[in-house]
Amino acid sequence: MRSPVSISAPLGKSAGKLARSLASLALFAFVVLFASDARAAGVFKLKTTEVNEVSGAWHIYVTLELPKAPPIAHQSMKFLFTKTVAYERSLIDGHEGPVLNRQALQNQTPSVESLDVDFADPSGKIFKGTRFDFGLTRARGYEAGEYKVEVKTSDGATIGGTQNLTLKGDNEVVDRRAMTFNAKEKPIKKVDGYDAGAPAAKNAGDDAPASAGGNGEVQASGEAQPFIPKEGFEKTNEEEIKERPHGCGCSIPGSSESSPLSHLAWLAPLAGLGLVAARRRRA
């Protein structure tokens, strides 16, 4: 008779391999969970994931909770808003009003909002959790659409997970209609008396206007004014040359018109006085 074969040894080896596999799987899961907790510690929640626009702004309510209370009440936090879906209002052919188009976006640069978050109550006691609110405006570059929101501390640590936020509102309208270049132009309507001068006579026997010739051209009548008026050729008082009277300008009282020698008659008495003075000196 054949002796029975023992199977306890193979079963023991299989159980050992299974135990080692389960231990490795448990260790891997622990490492993944620990790494996830270390990367995204704390809690981050939005009060609502859809916010309506009011006067060009969206009001955001946030709940934050840190692993432990911070050493100081005010902590600098960075809120990263990455647009994932754009809402475009466009005019297209076949529709009278704007049509909303949802466009998925990828690899967008996030918009960063740096805020000081207060973790203390009015008494000054510091807690690890807080609730606060802030606003997003179009002046800061935000518009209606869908965003992915993350919160990080000043040293780069992520608080909680990622939240999805929808900003509801009406963006500017974009014209997407096709342009037509072969449209027929409307004919220009001719108006008598403006486009081709005075209207022609209805009957051949009617008298034509006096100012119109036989060929429909307007003839000039009257005399045109000269370019330079006649007053421009007349001399002014300043332009007239005044002549100086002839002679030396000397005259003897009591004489009217005299010869050139008569102007020297007044020197005779002076000559007589000179002769008398000379005679006295000789005497």
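All heavy atoms count here, side chains included; hydrogens, waters and symmetry mates do not.
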N/O donor-acceptor pairs under 3.5 Å from side chains in residues 66-79, not counting sequence neighbours:
{"residue": "Gln75", "atom": "NE2", "partner": "Ile72", "partner atom": "O", "Å": "3.1"}

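A 4.5 Å side-chain heavy-atom check between Lys148 and Gln163 finds every atom pair outside the cut-off. Between His59 and Asp133 there is a side-chain heavy-atom pair separated by less than 4.5 Å. The shortest side-chain heavy-atom distance between Leu136 and Ile60 falls under the 4.5 Å cut-off. Put simply, the side chain of Tyr147 reaches to within 4.5 Å of the side chain of Leu167, judged on heavy atoms. At least one side-chain heavy atom of Leu64 sits under 4.5 Å from a side-chain heavy atom of Ile159. Contact of the Tyr87 side chain with the Lys168 side chain is not registered, since no non-hydrogen atoms from C-beta on lie closer than 4.5 Å. You'll find the side chain of Tyr61 stays beyond 4.5 Å of the side chain of Thr48, heavy atoms only. Taking the side chain as every heavy atom from C-beta outward, Asp170 and Arg89 approach each other to under 4.5 Å.
Pairs passing the ring pair (Phe, Tyr, Trp, His ring centres under 6.0 Å) check and including a residue from residues 109-129, sequence neighbours excluded, do not occur.
Rounded to the nearest 0.5 angstrom, His95 NE2 and Ser90 OG are separated by 9.5 Å. Atom-to-atom distance recorded for Lys83:NZ and Gln106:CD is 15.0 Å, nearest 0.5 angstrom. Going from atom CG of Leu91 over to atom CZ of Arg177 covers 5.0 Å, rounded to the nearest 0.5 Å.
The same ILVMFWY cluster, assembled from side-chain heavy atoms under 4.5 Å apart, contains both Phe134 and Val51. Under the 4.5 Å side-chain heavy-atom criterion for ILVMFWY residues, a single connected hydrophobic cluster contains both Phe81 and Leu115. Follow the hydrophobic side-chain contacts under 4.5 Å out from Val99 and you never reach Val174; the two are in separate clusters.
Using a distance-only test at 3.5 Å, with no hydrogens or angles considered, no donor-acceptor pair links the side chain of Thr49 to the main chain of Leu165.
Applying the 6.0 Å contact sphere to CG of Asn107 captures no more than 12 heavy atoms from other residues, nucleotides or ligands. When the shell of 6.0 Å around CD of Gln103 is examined, it contains more than 12 heavy atoms from other residues, nucleotides or ligands.
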- Message: For a side-chain contact (heavy atoms from CB on, under 4.5 Å) check, start with the C-alpha distance between Glu143 and Glu172, then their side-chain angles and the critical distance, and finish with the verdict.
- Response: CA-CA 9 Å; Glu143 60 181 8; Glu172 294 184 0; over 6 Å; no
- Go through Val62 and Leu46 one step at a time and tell me if the side-chain contact (heavy atoms from CB on, under 4.5 Å) criterion holds. CA-CA 5 Å; Val62 178; Leu46 295 172; 4.0 Å; yes
- Steps toward side-chain contact (heavy atoms from CB on, under 4.5 Å) verdict (Glu88, Arg176): CA-CA 11 Å; Glu88 181 186 87; Arg176 300 292 185 186; 2.8 Å; yes
- Task: Report the C-alpha separation of Lys128 and Glu65 in whole Å, then their side-chain angles, then the decisive distance to 0.1 Å, and conclude whether the salt bridge (charged side-chain N to carboxylate O under 4.0 Å, His left out) test is met.
- Result: CA-CA 6 Å; Lys128 67 176 183 178; Glu65 184 176 344; 3.6 Å; yes
- Verdict with reasoning, Thr166 to Trp58, per side-chain contact (heavy atoms from CB on, under 4.5 Å): CA-CA 10 Å; Thr166 300; Trp58 294 270; over 6 Å; no
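Screening Asp118, Asp116, Val117 for a side-chain contact (heavy atoms from CB on, under 4.5 Å) involving Phe132 leaves a single residue, Val117.
Every residue meeting the side-chain hydrogen bond (donor to acceptor under 3.5 Å, both in side chains) condition with Arg138, not counting sequence neighbours, appears here in chain and number order: Glu53, Asn171.
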